[in-house]
Engineer: 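Dropping a structure here in structure tokens format, bear with me for questions.
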Amino acid sequence: MMSTMEDAQPLVQVTGATVRFRSDTALDGVDFRMFAGEVHSLMGENGAGKSTLIKALTGALALDAGEVRLGGEVVRFATPHDAHLAGISTVYQEIDLLPNLTVAENIALGREPRNRVGAIDWAATRRLAHDALAALGLEIDPASVLGTHPLAVQQLVAIARAISTDVKVLVLDEPTSSLDFDEVAELFRVIRELKARGVAILFVSHFLDQVYEICDRITVLRNGRLVGEYLTTELLRIDLVQKMLGRSAAALAERQTFDAPDDDSSVTLSARGVTVLPGIADADVDLVEGEVLGVAGLLGSGRTKLARALTGVDRLEAGIIRIDGQERRLSSPRRALSLGVVYSSENRRTEGLIGELSVLENITLALQAQRGVLRRIRSARQRELAASWVEALDIRPPDLDRPVASLSGGNQQKVLLARLLALSPRVIVLDEPTRGIDVGAKVEIQNLVGELADNGLSVVFISAELEEVLRVGTRVAILQDGRVVDVVPSEGLTTDSLLAMVARSEGDEA
Amino acid sequence: MNAVMKHRLFWPVVVLLALILVNTLSRPSFVSITVQDGRLYGSLIDILRNSAPLMLVALGMTLVIATRGIDLSVGAVMAVSGAVALQIIQDSGDAANPSVLAVAIGAGLLAGLACGLWNGFLIAVLGIQPIIATLVLMLAGRGIALLITRGFITTINSDPYKFMAQGYVVGLPFAFYVSLAAIAIVAVIERRTALGVLTEAVGINPEASRLAGVRARGIIWGAYAASGLLAGFAGLLYSSNIMAADANAAGLYIELDAILAVVLGGTSLAGGTFSLAGTVVGVFTIQTLKSTITFLGVPPAVTPVFMAAVVVLVVLIQSSRFRRWVGRLGGRLSVRSAQPVERTEVAS
Ligand SMILES: Nc1ncnc2c1ncn2[C@@H]1O[C@H](COP(=O)(O)OP(=O)(O)OP(=O)(O)O)[C@@H](O)[C@H]1O
Ligand SMILES: [Mg+2]
């Protein structure tokens, strides 16, 4: 099958693609092609230029040089909508749906079914949405408002929207970053169906397992340049990582041990009967100084709700929180921050960073807010502080004055961490801190979490990736339907045994 | 050169200079300044003097817009503060008494501040949409002012009070010093403390700011309070200029001029990063435009149309997309060169 592809004409062919942002070259003469009926992966570190290539291919950005051919014809899309009309459907990395419209409206946006008088046919719109959602095995009400759903569901809705038309080329930029195994399995089933129908699918992900499971071919980018195109079956993982990073994978010093804290370490934060409905009910959590508590649970099990409840973001309906043995009312994030309890949201863009402000302003924001309006941190001191964090976390490019929104995903996450760490917190709650982060940066962040714990911080580490939860956490809290059903030491657990615990249904417990 | 053109104030300043140039070409006396009794007179001096109320209001509007809000009530607030001050002076029967004047001015400012606090309360605490919340006072404010003046146009005769808008200090109108002081005070408060950057953070992403521990509510409330206070002062200047408190005419439509000045200055209505210097340039642009209209003798009935046309033109010149479009059109007409590149850039 592969050999026939070699002979066939590529469906998509990009040659010499170059994109510049002011003086930076984000994409430098990249060649790229895709065949009908293949799943193709674009791999590279954060900031390698994957999303930029996708945007150039789909009309969201114009090329400074180079051309795009679709089915042999040179095309120049002025907008993603033009690309869509030509059969290229795209789910961008940053979900670009409208949170205050309903799920059905979002799916049908721009191509709403019309009735005879030309008005929107709502019944048909809902049917369209319902079918699109059903194709992904997603059971949500099409009439519900999109913004009320968790990020993972929004991601699935974006995918449903993309596949609800006749597509020739489907582009998915990190579609699985917030999905759980079941949703990923569903998505892969759909991808295989589309592939069998001859659709060319571009799949970008930092999960190597997923790439190896679904992709036929891999194109690797590094620093905006093409490294090469390979058949998945002929590229060893270790070589892939090497090609992405440009250095040997062995250089990724994975921290082997995440030590459990001493027995006599004191409890920093202890929560009893924490309830915020709907979402989390009667949860008990104890955090010990210097430990990393992993949190594992399925989509909808209340992982994020728990994090928000512990950090003053959501008001508790019931329950008490003690910090160093003292009962505290965390009435606002501000209050929690002042007590040394900080939260990093899974949703970097909407609940984390201030996109248009600079890296410097983002890093110093929380500290400045703590000090109060009047006690402005001197400019020189701000610069010194931000520069030290940029260096410590290896934020790239090390440019303090660049708007944070122009950084790649991994570096944005590091900026957010820097902001929180600048507060010298006692307890740090990380909700999906490695979402959308490349293999290298992921290991760096995991290692950083270990170091923080070594320095006496209590860390709560939430991730949909069980492997990571096990690796980083010394204990793991199992969440089911908004309840902490168990807290177990991670030693001796495997991903499979943890998955079994996480997925165990209510019935089995009885 | 390129760096100069990229500066966010480049186009606002170009527009202002172009407007001054057009005026000078059509009547060279526009830029002439004469000295009489040690005082400067001329169209430019008039612009400095007459722009003072708009300057105060637009500075407040800038802060409000930076928080993603809008304050429609500023004109009505001017009417209220003018009414309060003049009624106190009139009722006292001693219009020259300094302590009466001090009380009147203080009360007028307090009235403005109270209006701003009320707006801020509706928006920051009750969560009402800014456009609706300030509409309340925009409509009710003039009624309140009429109640204060008991339905009349209060007039007074007080030289010290008159001095605020019409007096001169070392050759320049006192009102211009008021403008300068307001600009300096607002700039110092915003940029020497952390208020400016925290306001921008709240305007760009309120939820992320809250999670970072920013007192978003307090900052929004403060912005409306400042806007109210500044509008209050503008109301005093206005009443001092005509020596009357006219509840129906004071500050009429000034909210529109103020919003326009802020936008001309390069601050986005979507909130976030703001430029006080831009607003200052915007205010002078609008005031120059007004004096142009008067000079050209545009009949009052069609003034709004004329104003609108010029504003559309000015806004188009400042739109980078429009400039690119014109450039492309020009390019197509001369040589069929490569298309200029569209680029979505993060605003800096
Ligand atoms: N709007 C922008 N303005 C300036 N620079 C940008 C902009 N968008 C992207 N860049 C830069 O272009 C480079 C490539 O970014 P891109 O988003 O394509 O990376 P990516 O490979 O998709 O990374 P990730 O895995 O983090 O999503 C980065 O160095 C980034 O900082
Ligand atoms: Mg990307």
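Reckoned from all heavy atoms, side chains included, excluding hydrogens, waters and symmetry mates. A note on names: the letters A, B, ... follow the listed sequences, proteins ahead of strands, and every chain is numbered from 1.
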Engineer: Could you tell me which portion of A:R335 (side chain, backbone, both or neither) has an atom closer than 4.5 angstrom to a non-hydrogen atom of chain B?
Structural biologist: neither
Engineer: Walk me through whether B:S73 and B:D71 qualify under side-chain hydrogen bond (donor to acceptor under 3.5 Å, both in side chains).
Structural biologist: CA-CA 6 Å; B:S73 70; B:D71 188 349; 2.7 Å; yes
Engineer: Just so I understand: if I count every heavy-atom pair under 4.5 Å between each of B:G196, B:S209, B:P206, B:G213 and chain A, which residue has the most?
Structural biologist: B:G213
Engineer: Going by heavy atoms in the side chains, are A:R419 and A:L353 under 4.5 Å from each other?
Structural biologist: yes
Engineer: Flag this pair as yes if the NZ/CZ of B:R8 is under 6.0 angstrom from the six-membered ring centre of B:F274 and inside a 45 degree cone about the axis; otherwise no.
Structural biologist: no
Engineer: If I measure from the heavy atoms of chain B, does A:E351 come under 4.5 Å with its side chain, its backbone, both, or neither?
Structural biologist: both
Engineer: Is A:R376 paired with B:E190 through a side-chain N to carboxylate O contact shorter than 4.0 Å?
Structural biologist: no
